[in-house]
Protein chains: 2
Amino acid sequence: MVIAIGITHSANHRKPNMANAPRDATRILRARDVADLLGVSTSMISRAFNPQASISPAMRKRIMEAAEALGYRPNVIASSLSTRRSKIVAVILGTLENPFYAQVLERLSRELQGAGYQSLLFNLAPGQDVDSQLPYLLQYNVDAVIIVSASISSGIANDWTNSGRKVILFNRTLPNMPVPSVCCDNQQGARLAVDHFVATGRERLAFAAGRRDTSTNAERELGFLARLAEVGTKLAAKVDNPHCSFRDGYNAALKLAPAQPDAIFFANDVMALGGVEAIEKELKLRVPEDIAVIGFDDIPMAAWPTYSLTTIHPPLDEMVASAVKLLSVPEGSTEDTRIIHPVTLVVRDSTQPREITG
Amino acid sequence: MVIAIGITHSANHRKPNMANAPRDATRILRARDVADLLGVSTSMISRAFNPQASISPAMRKRIMEAAEALGYRPNVIASSLSTRRSKIVAVILGTLENPFYAQVLERLSRELQGAGYQSLLFNLAPGQDVDSQLPYLLQYNVDAVIIVSASISSGIANDWTNSGRKVILFNRTLPNMPVPSVCCDNQQGARLAVDHFVATGRERLAFAAGRRDTSTNAERELGFLARLAEVGTKLAAKVDNPHCSFRDGYNAALKLAPAQPDAIFFANDVMALGGVEAIEKELKLRVPEDIAVIGFDDIPMAAWPTYSLTTIHPPLDEMVASAVKLLSVPEGSTEDTRIIHPVTLVVRDSTQPREITG
DNA sequence: ATGAAAGCGCTAACAT
DNA sequence: ATGTTAGCGCTTTCAT
């Protein structure tokens with residue numbers, strides 16, 4: 001229930017700018033309304049809501065109770081004009097088509113809300129780059145920018161940090177710059193995939209890569225190849241893909257087929273699902289009997305019985321928590337703000353060992 | 001590239017509040033910076049950016065060019081304090097787990113950006129209701145609230161409208177109140193489903209309903225039953241479901257099985273996919289040979305070959321466009337702001353006619 | 001058409 | 001601990 005009562009301006013209140021006056025008697029309360037009611041100054045109202053401020057507990061209690069009763073809450077917009085902190089975090093992301101990103105956004109915005117922030121969404125149209133959104137962000141006094149699964153140029157990263165705003169990369173790193181970032185251990189995930197393939201009797205391992213220009217994909221590829229070398233196995237085949245989409249995965253499987261792999265590691269789950277589709281429907285082969293498949297992300301659908309996809313599980317909740325925690329790291333801090341979370345292998349049917357199924 | 005140069009305050013500028021002074025020489029430009037540079041007043045800068053304002057074309061051109069060159073853009077936050085219009089729209093939604101909602105959010109935020117708005121996300125935790133978010137919204141001076149696939153009490157709707165803010169329901173209606181809303185024609189969709197089942201030789205039609213308390217589901221059910229009656233067919237069975245999830249669909253199919261339906265209409269695609277899963281994996285029946293299936297929403301996965309789900313397609317782009325258009329309907333307008341978009345049937349393999357497959 | 005000045009609601013330095 | 005006051009950056013009368 002909103003309480004928004006009409007209050008006549010007290011005598012000592014300056015004549016309001018009529019153009020700005022609400023056209024309606026029903027108004028949202030201001031600090032002045034509460035202050036007048038209690039016979040205190042507006043500063044006290046402000047202090048009551050600011051944990052650091054020096055104010056007697058009794059007064060704070062009195063104010064908070066009155067505020068609660070009237071339904072008063074400080075106007076974040078006005079407050080942000082003086083403090084330059086808006087309690088708004090810009091979240092930049094591309095498409096939500098990949099359920100993984102949808103999950104990220106959902107949990108991120110929820111966690112941010114828990115920490116007292118709201119998320120202002122900046123959706124990149126296909127082909128649009130993050131840098132282009134910057135001028136718009138600046139207009140909104142956002143406290144920080146969280147960039148999900150997209151990259152920025154280091155020049156921009158610099159400009160941003162200089163402008164006093166925090167930039168956090170989620171699921172990406174900027175290799176040569178100390179830009180705060182939260183990732184899962186992509187290399188480790190790829191290594192787990194190799195080891196699991198080998199342990200379950202696979203010999204001809206292929207890799208369906210994602211977008212070449214993303215750090216995520218580069219790391220997954222690096223880990224996969226490195227581990228292959230360590231265990232003394234050769235890469236059977238590899239294909240690149242422009243979009244990391246279901247269709248890309250589908251096509252990737254078809255392109256890998258001539259190399260006759262008995263196991264394919266896809267750079268993400270959505271591609272893996274497309275790959276399974278192609279393997280079963282178009283190549284007329286069986287998963288896992290003929291080709292074992294591992295994905296990456298552990299999206300909800302990977303667990304659906306139809307797919308039962310073995311995949312690499314990034315600890316999303318912890319990653320999101322890290323990202324939010326990074327928001328409150330003080331500016332000059334020397335601690336490393338490039339956080340990497342370990343991943344785990346989730347074994348499902350798409351990698352049933354040879355011995356059992358064959 | 002951000003241009004944020006250090007500008008020394010001109011002599012006539014009052015001593016700034018030191019607490020608010022940037023701790024860095026590199027600053028974001030204010031209207032004053034541009035004004036001083038051009039030797040005009042800040043009012044003129046403001047007017048240059050306001051299409052309605054009276055300003056000579058020459059002056060506007062001069063200012064806009066300078067602004068462009070310097071990278072100045074008006075601060076939305078400061079501006080919203082005077083105008084009470086923030087160019088921010090609150091988007092309230094529950095979980096993004098259902099890909100349909102992810103699609104809605106993506107297109108909605110994109111369309112809003114196109115219209116000069118940004119979306120401030122309010123994510124409802126499970127069990128949390130929209131009304132509870134209101135006090136938070138008020139803090140942000142949002143211009144409007146778009147509520148996606150969730151409902152509000154009519155009391156709150158009233159309070160909101162009275163507070164001078166626009167409320168728009170997306171994919172829901174409030175039956176007894178003229179709250180602006182954008183929906184697809186749920187009844188028509190359900191009718192199309194019945195007709196298609198009948199036309200393809202099905203006789204025992206069942207319905208897997210969604211959440212009882214949503215207008216969307218109520219309308220789909222109403223349409224389904226009404227059309228069944230019109231064509232003289234009886235409902236074979238019906239089950240309710242609490243969450244509209246994949247698992248709900250799975251369970252629904254199992255519960256409907258004893259009634260031996262040869263066709264099931266699911267209240268949405270995600271449930272339908274779960275249903276297909278249960279039918280094939282657990283009941284060991286075939287889709288569409290034994291049971292035909294129709295969903296609702298036309299999520300991307302419905303088109304994947306594994307499922308190839310016949311479904312009802314809501315014209316999402318047009319719905320989103322309608323929602324954004326509603327933002328600019330003037331307050332006192334008498335035009336009906338409850339918009340309903342027609343849907344279409346997308347025929348895929350899950351409803352292959354009996355004659356062909358049987 | 002333009003400038004001066006007041007004010008949006010809140011915060012913080014300063015004074016008591 | 002509390003009140004007073006001067007801003008935050010922009011918009012909008014009001015006067016010219």
Side-chain angles (χ1 to χ4, degrees), chain A residues 7 9 12-22 27-36 38-63 67 72-87 138-141, chain B residues 7 9 12-22 27-36 38-63 67 72-87 138-141:
Chain A
I7 286 195
H9 290 160
N12 67 341
H13 186 224
R14 284 167 298 187
K15 165 180 163 286
N17 183 338
M18 286 324 279
N20 293 331
R27 275 205 358 268
I28 292 166
L29 296 180
R30 302 154 306 170
R32 151 140 273 119
D33 298 323
V34 182
D36 288 352
L38 298 179
V40 300
S41 70
T42 58
S43 311
M44 293 315 289
I45 310 299
S46 171
R47 289 195 256 255
F49 279 90
N50 182 337
Q52 334 285 341
S54 76
I55 177 177
S56 73
M59 176 61 97
R60 169 170 281 138
K61 183 159 177 288
R62 214 175 125 218
I63 291 176
Y72 167 80
R73 320 210 77 211
N75 182 320
V76 185
I77 296 298
S79 145
S80 91
L81 200 53
S82 351
T83 59
R84 296 188 152 174
R85 307 188 61 263
S86 57
K87 298 309 248 171
L138 288 171
Q139 295 189 284
Y140 285 93
N141 283 11
Chain B
I7 287 193
H9 290 162
N12 67 340
H13 187 224
R14 283 166 297 185
K15 165 178 163 286
N17 182 340
M18 285 323 280
N20 292 329
R27 275 205 358 269
I28 291 166
L29 296 180
R30 301 154 307 172
R32 153 138 272 120
D33 299 323
V34 182
D36 288 354
L38 298 178
V40 299
S41 70
T42 59
S43 314
M44 293 315 290
I45 309 299
S46 171
R47 289 194 257 255
F49 280 90
N50 182 336
Q52 334 286 341
S54 78
I55 177 177
S56 72
M59 177 61 97
R60 169 170 280 138
K61 182 158 177 288
R62 213 175 126 220
I63 292 176
Y72 166 80
R73 319 209 79 209
N75 182 320
V76 185
I77 296 298
S79 143
S80 91
L81 199 54
S82 331
T83 59
R84 303 199 143 140
R85 308 189 62 264
S86 58
K87 298 308 247 171
L138 288 171
Q139 295 189 284
Y140 284 93
N141 283 9

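Labels below follow one simple rule: chain letters A, B, ... track the order of the sequence lines, proteins then strands, and each chain is numbered from 1. Not measured: the values here are computed from a predicted model.
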* Start at the 5' end of DNA chain D and walk down; is the nucleotide closest to A:Met44 or to B:Ile45 reached first? -> A:Met44
* To do: Could you pick out which residue, A:Ser79 or B:Ser43, lies toward the 5' side of DNA chain D when each is mapped onto its nearest nucleotide?
  => A:Ser79
* To do: Assess whether one donor atom and one acceptor atom, taken from the side chain of A:Arg84 and the base of D:dG9, lie less than 3.5 Å apart.
  => no
With respect to the side chain of [X], which nucleotide from [options] is positioned closest?
X       : options              : result
B:Arg47 : D:dG3, C:dT2, D:dT2  : C:dT2
B:Leu81 : D:dT11, C:dT2, D:dG9 : D:dG9
B:Pro74 : D:dC10, D:dC8, C:dT2 : D:dC10

Can you check the [X] [atom1] to [N] [atom2] distance for me, whole Å?
X       : N     : atom1 : atom2 : result
A:Ile63 : D:dG3 : CD1   : P     : 8 Å
B:Phe49 : D:dG9 : CZ    : P     : 16 Å
A:Asn75 : C:dG7 : CG    : P     : 19 Å

[X] side chain near [N] phosphate (N/O to OP1/OP2, under 4.0 Å):
X       : N      : answer
B:Asn50 : D:dT12 : yes
A:Ser82 : C:dC10 : no
B:Tyr72 : D:dC10 : yes

* By nearest nucleotide on DNA chain C, pick out whichever of B:Ile55 and A:Arg73 is the more 5' one. => B:Ile55
* To do: Examine distances only and state if a side-chain atom of B:Ser80 and a backbone atom of B:Arg85 form a donor-acceptor pair shorter than 3.5 Å.
  => no
* Asked: Donor-acceptor pair, B:Asp33 side chain versus B:Arg30 backbone, under 3.5 Å?
  -> yes
* To do: Find the distance between CD1 (B:Ile45) and OH (B:Tyr72) and round it off to the nearest 0.5 Å.
  => 7.0 Å
* If you look at every strand shown and take non-hydrogen atoms under 4.0 Å, does A:Ser56 touch a base, only sugar-phosphate, or nothing? -> sugar-phosphate
* **Min side-chain heavy-atom separation A:Tyr140-B:Lys87 under 4.5 Å** => yes
* Close side-chain approach of A:Arg60 and A:Ile55, heavy atoms under 4.5 Å -> yes
